[in-house]
Amino acid sequence: FFSSRRRHTRFKCDWSSDVCSSDLKNIVTKGYPLVIMGHRNREPVERLISLGAKEVHSAKALASECDIVHLCVTGSPQVEALMNGPEGILASGKKGLIVIDCSTSNPVSTHQMVELASQHGMHFIDAPLGRTPVEAEAGTLDTMVGASKELFEKVKPVLECWAGNIVHLGPVGLGHTMKLINNFLAMGYAALFSEALSIARKAGLTQAQFHAVIGSGRMRSPFYDTFMKRTMDGDENAHKFTISNAHKDMRYLSSLANDIGALHPIQSMVKNAFASMEAQGYAQKYVPMLADFVATQNGLAPSHAKWSA
């Protein structure tokens with residue numbers, strides 16, 4: 001969490017996320033006194049304390065101090081846990097509180113949180129993050145916001161501390177919906193690249209030949225570049241987004257598609273690619289390592305020698 005007394009902001013953060021901890025740095029260094037709720041990973045906590053942040057030990061205590069809360073955690077179960085319970089945000093009874101969920105959450109759950117917050121005289125909006133730790137450090141992340149116009153204008157100055165591209169999409173829930181669609185496109189590319197690489201290799205082409213053509217043609221993209229840094233250079237940290245998170249996001253989008261009655265056969269196949277890899281014990285591997293997994297499932301050597309089970 002982060003919090004401000006002067007400008008009334010706070011944050012609950014998944015400290016395993018480089019993006020999240022960089023967000024906090026940008027807030028505290030841009031004039032927002034910071035209150036954080038610590039985590040077992042103490043390094044980013046101590047770094048923020050050194051910049052002037054104050055640490056508290058419950059969501060309730062944090063919510064009591066300020067007017068805006070950011071949540072940046074793994075997903076909806078974690079958001080729901082922070083909102084509810086005797087030490088949760090709702091228990092603070094802080095009327096007028098604005099909770100901004102920056103996580104990639106399930107829009108179905110998001111609407112439930114809106115209703116709960118409203119029952120307690122609070123507001124709940126969604127502003128999930130986009131891009132990488134590089135942009136987080138620079139304070140130029142993307143964010144897609146679901147909120148009323150009035151609430152959006154209230155929180156926009158805070159969002160501008162850590163986001164360079166802020167898109168107000170409309171009512172609450174549209175931010176999380178757009179983020180899931182964005183991630184579907186990204187994870188779809190990951191599944192396509194992984195399978196295409198394996199087919200190419202089984203047909204007698206090399207990864208270098210694949211990259212020489214795709215990496216210099218119209219199919220090249222920023223996502224392709226980070227994905228292929230793993231395959232070509234062995235960079236395990238090129239895209240630090242875990243298989244478990246990818247699978248989680250695809251489950252959320254499947255849930256949403258089912259809820260609205262949308263056909264989604266391709267999305268289901270993308271989801272299953274990550275489900276298969278997670279089921280075989282690779283939940284904490286990063287998304288570009290899907291290429292290694294698909295290669296081994298095809299009887300090939302991993303796409304890079306640094307792959308390990």
Next on the checklist: If you compare all heavy atoms of N298 against all heavy atoms of S198, which two are closest, and at what distance to 0.1 Å?
Outcome noted: ND2-CB, 3.7 Å
Next on the checklist: How about CD on E80, more than 12 heavy atoms from neighbouring residues, nucleotides or ligands closer than 6.0 Å, or not?
Outcome noted: yes
Checklist entry - Is there a donor-acceptor pair closer than 3.5 Å between any side-chain N or O of S194 and the backbone N or O of A291? => result yes
Next on the checklist: Tell me whether R47 is salt-bridged to E43, with the criterion being a basic N under 4.0 Å from an acidic carboxylate O.
Outcome noted: yes
Item to check | Nearest heavy atoms of M289 and M277, plus distance in Å | outcome: O-CE, 3.6 Å
Checklist entry - Shared ILVMFWY cluster between L253 and M269, side chains joined below 4.5 angstrom? => result yes
Checklist entry - Hey, is the main chain of H264 close enough, under 3.5 Å, to the side chain of S268 for a donor-acceptor pair? => result yes
Next on the checklist: Test side-chain contact (heavy atoms from CB on, under 4.5 Å) on I100 and C102; report intermediate values, then the result.
Outcome noted: CA-CA 6 Å; I100 307 175; C102 297; 4.1 Å; yes
Checklist entry - Any side-chain heavy-atom pair from S216 and H211 closer than 4.5 angstrom? => result no
Checklist entry - Would you say E160 and K156 make side-chain contact, with heavy atoms under 4.5 Å? => result yes
Next on the checklist: What I want to check is whether the side chains of K179 and T104 have a donor and an acceptor closer together than 3.5 Å.
Outcome noted: yes
Checklist entry - Could you state the interatomic distance from CG (L192) to CE (M187), rounded to the nearest 0.5 Å? => result 12.0 Å
Checklist entry - Side chains of Q78 and S103: is there a donor and an acceptor less than 3.5 Å apart? => result no
Checklist entry - So, the side chain of D67 versus the backbone of L97: is there a donor-acceptor pair under 3.5 Å, distance only? => result no
Next on the checklist: I'd like to know if the side chain of T231 and the backbone of M228 have a donor-acceptor N/O pair within less than 3.5 Å.
Outcome noted: no
Item to check | Donor-acceptor contact present, side-chain T177 to main-chain G173, <3.5 Å | outcome: yes
Checklist entry - Is E150 atom CD crowded by more than 12 heavy atoms from other residues, nucleotides or ligands, each under 6.0 Å away? => result no
Checklist entry - Only one of V172, V155, L151, I68 clears side chain to side chain contact (heavy atoms under 4.5 Å, CB included) with H123; which? => result L151
Checklist entry - Has Y189 got more than 12 heavy atoms of other residues, nucleotides or ligands less than 6.0 Å from its OH? => result no
Item to check | Verdict with supporting geometry, C72 and L129, side-chain contact (heavy atoms from CB on, under 4.5 Å) | outcome: CA-CA 9 Å; C72 187; L129 315 176; 3.8 Å; yes
Checklist entry - Do side-chain atoms of H168 reach the backbone of F152 as a donor and acceptor pair under 3.5 angstrom? => result no
Item to check | Point-to-point distance, once rounded to the nearest 0.5 Å, from CD1 of I125 to CG of D101 | outcome: 10.0 Å
Item to check | Side-chain donor/acceptor of K271 to backbone N/O of S254, under 3.5 Å | outcome: no
Checklist entry - Under 3.5 Å, is there a donor-acceptor pair between the side chain of D126 and the main chain of H176? => result yes
Next on the checklist: Please determine whether side-chain contact (heavy atoms from CB on, under 4.5 Å) holds for the pair F124 and V79, giving the CA-CA distance in whole Å, both sets of side-chain angles, and the decisive distance to 0.1 Å.
Outcome noted: CA-CA 11 Å; F124 190 97; V79 170; 3.9 Å; yes
Next on the checklist: Please give me the minimum heavy-atom distance between P128 and T143, naming the atom from each residue.
Outcome noted: O-OG1, 3.0 Å
Next on the checklist: Quick one, E55 with R42, criterion salt bridge (Lys or Arg N to Asp or Glu O under 4.0 Å). Give me CA distance, side-chain angles, the key distance, then yes/no.
Outcome noted: CA-CA 11 Å; E55 182 179 6; R42 297 301 302 176; 2.9 Å; yes
Checklist entry - Do L51 and V56 belong together in a cluster built from hydrophobic side chains that touch within less than 4.5 Å? => result yes
Checklist entry - Does CD1 belonging to I266 count more than 12 external heavy atoms closer than 6.0 Å? => result no
Next on the checklist: Main chain of M178, side chain of N182: is a donor-acceptor contact present, judged purely on distance under 3.5 Å?
Outcome noted: no
Checklist entry - So V99 and L71, side-chain contact (heavy atoms from CB on, under 4.5 Å) or not? Walk me through it. => result CA-CA 7 Å; V99 180; L71 304 179; 3.9 Å; yes
Item to check | Main-chain N/O of F241 paired with N245 side-chain donor or acceptor, under 3.5 Å | outcome: no
Next on the checklist: Checking side-chain polar atoms at under 3.5 Å, does Y252 have a donor or acceptor matched by the opposite partner on H247?
Outcome noted: no
Item to check | Pair D292-R230, salt bridge (Lys or Arg N to Asp or Glu O under 4.0 Å): steps then yes or no | outcome: CA-CA 10 Å; D292 299 293; R230 159 65 188 173; 3.1 Å; yes
Checklist entry - Can you tell me how far NZ of K60 sits from OG of S92, rounded to the nearest 0.5 angstrom? => result 8.0 Å
Checklist entry - Is it true that K94 and E65 make a salt bridge, defined as a side-chain N closer than 4.0 Å to a carboxylate O? => result no
